[in-house]
Structures are given as C-alpha cells and as structure tokens.
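Bear in mind the structure is a predicted one, so any value in this text is a computation, not a measurement.
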Amino acid sequence: MTHTTHPTVDELFDISDDRLRERASLKWSNVDVDVLPAWVAEMDVHLAPAIIDALQNAITRHDAGYPGSAEGVTQAFSDFARDRWNWNIEPDQVSIHVDAATAAAKLMRHYAGADRSVMIMPPVYNRFYDWLDVGGVRPVEVPLTDVPNGGYFDLDGIEAGLKAGTKVILLCNPHNPLGRVFSRHELSELAELAERYDAVVLSDEIHAPLVYHGVEYSPWLTVSEAAANTGIAIHTATKSWNFAGLKCGIAIRSTTGPWPDDLDAKTSLTDSGFWGILATEAAFSQSRDWLDTVREHFEAQTGRLTQLLAEHLPGVKFHPPEASFLAWLDFGDTDLREEPSEYFLRAARVALNPGTRFGAAGEGYARLNMGTSAQRLERIIKAMGKAWPPAA
C-alpha cells in the first residue's frame, strides 16, 4: 500500500486471500488453505504508515536495543487520552510493561486476598483465564446478565463475591466479546461496591480507541472518586492498530488509588519490547486518521452483518457491539445441536472462536471477527449460510 496521509477503507482492507496467507501471524497461518478465518482478533488490514515508518527507521539506524525511555510513548498516550476521552494523565501515573497481560498478572498477584481469587464476568475475553494462571490466582465467576441484549453487571452477585473475600475485580470495558461499553452510571455502581469492600478494580480498556461514534466511553479512573480510589487502568495500542506481535502494555494509576511499591517503573520499562514501544508511540501520536477510518469501517460492518445474518443465517441472534470488530453470535434458539464453531469449520470451512472459550456462559455462542473487508465478511456469512439450517 502506498503511504498516504488519509488512507481510505478500500486502501486499508483491499488485501487478497493469497497475500494474507503469506503472513506468519496466527489468524491465517494456523488454518487450512480452504478455510476462511474469522476467529482470533487480528485484522485483515495494512498497518498505519507512521507505524511502518517508525519501525523501518529504527532498522535503518540499526537500532534494536533495550528501550531507553518511556517519555515519548507516555506523552503520546496522555495526549491521546486527553483529546479523545477528556482524561488528563500526569507522566508519573503511567508505567510501561511488556504487555497488558504481564501488567495485569503482576497486579493481580499483588492485590489478591488470602484466598487468591479474582472476580471476572463471563462470557469474557478468553485470555483472562491465562492471565489469572500466570498471576497465580483463581477465578470467581459472576456472569453478566441479559447477554442477548448486550450484557449487564450482576451487582448482587458481585457484592456476594466481595463479601466472601475476593479483593480484585478484573473488568473488561469495552467488553470482549460482547462489544459492550458500560455506562458511567453502571461503572459508578461497581466502583461504590469496590470501595465499600476495599477491593481493587483492574480495568482492561484495550479496545477503547475503537469505541464507535456517538457512544459515550468513560475510562475507569474518570468515572467517580470511588473509581479513582479503587482502580488501575490497562491500555495498549496493539489491538486497535493491529500489531499484537509488537508488545507494549500501559498501566495507569490515579493519584489517590492503589499502586504496589514493588512494581518499579524503570524495571518494567527495561523488560518491555523495543519495537512495541516504537509502534505504540507512532500509533497514538501519528495514526489517528488511520484509526478513525478503521473504526468507521467497523461501525458499517455491524450493519452489514445484521443484514447478512437475517438473509443467510435466520434465527441466529446478534446484538450489535458499541466498539471494536468482534461479533457475539447467539445460536441458542436455533436447531443447531453441535458446538457452533466446530459445525461451521466442518460444514462451511469457516473458522470461528468457540463461545465456551470465554467461559461456560458462552455455551451456544461463537465469536466472529468482522475485522476484514466488506467483501470478505459477505463471503464468510454466505459460506456459513450454505450450511444453514443444519440437517435434522
């Protein structure tokens, strides 16, 4: 793709199957050649020009050592947060880590109570279970309610878990896989509970840059005084700008909230990935036009998917997300008795994520990745439609 200041949707997503299969990354390299992948959260998109330039310039300088400073990436993220979310962050509130998972695991390990438990709200990001394992803690599951209509906190269940001794809540907002953006009111109710029971909220906000136009998004630390007193936010550019292999995690604390004394910012930086830091700075500071084009495309994809499902997969329910490029498909009221992702891989040669990977609450669901061109999304749904309805 030619480097342009304002790339169009067609320029960004016009990539052939053959070119995508040349990639070594997970999405296309780990499926058979006759399978259309719509599973792991990678986009079928060209990288932002500024990110390419940052990496190529480093190679030209033969510059591939340890990270020397967090100043540039910290400033880039802080500027982005101020401009996009009206969130003012001071440099000493930010620490840079290998990735979001490493930061979360360290923080969960530090703050988990005597029973070493962390509360999660399934169906939820499947890697949360890996994060908990690395942190040496166990999950306490309080499933979201009314998932077919977007998903809501079970505040009574959350309070019961906190009363029982759980000291950490691992929140996902914007939510993966539901695409839900929780309202300020909902978050403030959760913050009040956390403060009442002296709990820490780790807010995974990695899909925040991809919140759709017109949807109010509130970073956890801006929600209320109670949220600031109880929370630590975790961000990354890797998901929204599609460079998951170039790792860089950002942890943000408030001036009044928790932060472990033994989590040294300089050590965390030294352990971080040089390439990820370069890419992250370029993303937040120089790649906003790219982001806006991609985000608008995903908003349009939700409308396309709604129409395609109605035409080709009648009976399958889909609540349109408010952020990102993931779709949570509900097969609960259909005649499909086989696990949905297994069925469509076998019968349609389309790869989806099994709903049960997101917790037991995901049974009867599958996650579909819309992060591709409009044409390829249509091919995916039409292929699934040819195998629908399932034979009795």
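- There is no path of hydrophobic side-chain contacts, each under 4.5 Å, that joins Tyr152 to Leu190.
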Evaluate side-chain hydrogen bond (donor to acceptor under 3.5 Å, both in side chains) for Asp18 paired with Ser16, printing each intermediate quantity in order. CA-CA 5 Å; Asp18 288 342; Ser16 69; 5.2 Å; no
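- Side chains of Met108 and Leu132 form a contact here, defined as non-hydrogen atoms less than 4.5 Å apart.
- Annotation: side chain of Glu189 is in contact with side chain of Leu155 (closest heavy-atom distance under 4.5 Å).
- Of the N and O atoms on the side chains of Asn176 and Arg127, not one donor lies less than 3.5 Å from an acceptor on the other residue.
- Nearest heavy-atom pair across Ser240 and Ile206 is OG-O, 3.7 Å.
- The cluster map of Ile, Leu, Val, Met, Phe, Trp and Tyr, joined by side-chain heavy atoms under 4.5 Å apart, puts Tyr212 and Leu187 in the same cluster.
- In this model, a donor atom of one side chain and an acceptor atom of the other lie less than 3.5 Å apart for Thr166 and Ser117.
- Cluster annotation: Leu377 and Leu345 are assigned to distinct hydrophobic clusters (Ile/Leu/Val/Met/Phe/Trp/Tyr, side-chain heavy-atom contacts under 4.5 Å, transitive).
- Cluster membership for Val94 and Val73, using ILVMFWY side-chain heavy atoms within less than 4.5 angstrom, is shared.
- Between Asn369 and Asp44 the shortest side-chain heavy-atom distance does not fall below 4.5 Å.
- Between Phe182 and Phe153, a ring centre-to-centre spacing shorter than 6.0 Å is recorded.
- For the residue pair Tyr197/Glu159, the side-chain donor-acceptor check at 3.5 Å is satisfied.
- Counting heavy-atom neighbours within 6.0 Å of Arg19 CZ, excluding the residue itself, gives a total of 12 or less.
- Counted within 6.0 Å of CZ on Arg379, heavy atoms from surrounding residues, nucleotides or ligands total more than 12; the atom is thus considered enclosed.
- In Asn86, the CG atom is not crowded: 12 or fewer heavy atoms of neighbouring residues, nucleotides or ligands sit closer than 6.0 Å.
- Note: Phe128 and Tyr125 meet the aromatic proximity criterion, with ring centroids under 6.0 Å apart.
- For Asp130, the CG atom is densely surrounded, since the number of other residues' heavy atoms within 6.0 Å is greater than 12.
- Side-chain N/O atoms of Thr60 and Asn57 include no donor and acceptor closer than 3.5 Å.
- Contact of the Val118 side chain with the Ile169 side chain is not registered, since no non-hydrogen atoms from C-beta on lie closer than 4.5 Å.
- Note on Asp115 versus Lys167: no salt bridge recorded, every NZ/NE/NH1/NH2 to OD/OE distance being 4.0 Å or above.
- Checked for salt-bridge contact, Arg23 and Glu42 miss the test: no charged N lies under 4.0 Å from a carboxylate O.
- Environment of CD in Glu338: crowded, with over 12 heavy atoms of neighbouring residues, nucleotides or ligands closer than 6.0 Å.
- Using a 3.5 Å distance cut-off with no hydrogens or angles, the side chains of Asn229 and Thr256 do pair a donor with an acceptor.
- Within 6.0 Å of atom CD in Glu363, 12 or fewer heavy atoms from other residues, nucleotides or ligands are found, so the atom counts as exposed in its surroundings.
- No more than 12 heavy-atom neighbours from other residues, nucleotides or ligands sit within 6.0 angstrom of CG on Asp261.
- Counting heavy atoms from C-beta on, the side chains of Val181 and His175 never come closer than 4.5 Å.
- Of the residues listed (Asp330, Asp333, Asn149, Thr334), the one engaging Lys317 in a side chain to side chain donor-acceptor pair (under 3.5 Å) is Asp333, and it is the only one.
- Looking at Leu55 and Leu246, their side chains come closer than 4.5 Å, going by heavy atoms from C-beta outward.
- Counting only N and O atoms by type, the side chains of Thr74 and Glu71 include no donor and acceptor under 3.5 Å apart.
- The existence of a salt bridge linking Glu342 and Arg346 is excluded, since no basic side-chain nitrogen approaches an acidic carboxylate oxygen closer than 4.0 Å.
- Both Val215 and Leu178 are part of a single hydrophobic cluster, where members link through side-chain heavy atoms under 4.5 Å apart.
- Counted by atom type alone, Glu186 and Ser188 present zero donor-acceptor pairs between their side chains at under 3.5 Å.
- For the 3.5 Å distance criterion, the side chains of Arg357 and Asn126 fail to qualify, holding no donor opposite an acceptor.
- Remark: aromatic rings of Trp87 and His235 are close, center separation under 6.0 Å.
- Glu322 and Tyr217 form no side-chain donor-acceptor contact under 3.5 Å, judged by distance and modelled atom types alone.
- For the residue pair Gln301/Arg304, the side-chain donor-acceptor check at 3.5 Å is satisfied.
- By the 4.5 Å heavy-atom criterion applied to side chains, Thr302 and Leu305 are not counted as neighbours.
- At least one side-chain heavy atom of Cys248 sits less than 4.5 Å from a side-chain heavy atom of Ile96.
- A pairwise comparison of heavy atoms in Phe325 and Lys239 identifies CE2-O, 4.3 Å as the closest pair.
- In this view, Ala237 and Trp241, Phe243, Thr280, Ala283, Phe284 satisfy the side chain to side chain contact (heavy atoms under 4.5 Å, CB included) rule, not counting sequence neighbours.
- A donor and an acceptor atom, one from each side chain of Trp39 and Asn30, are nowhere located under 3.5 Å apart.
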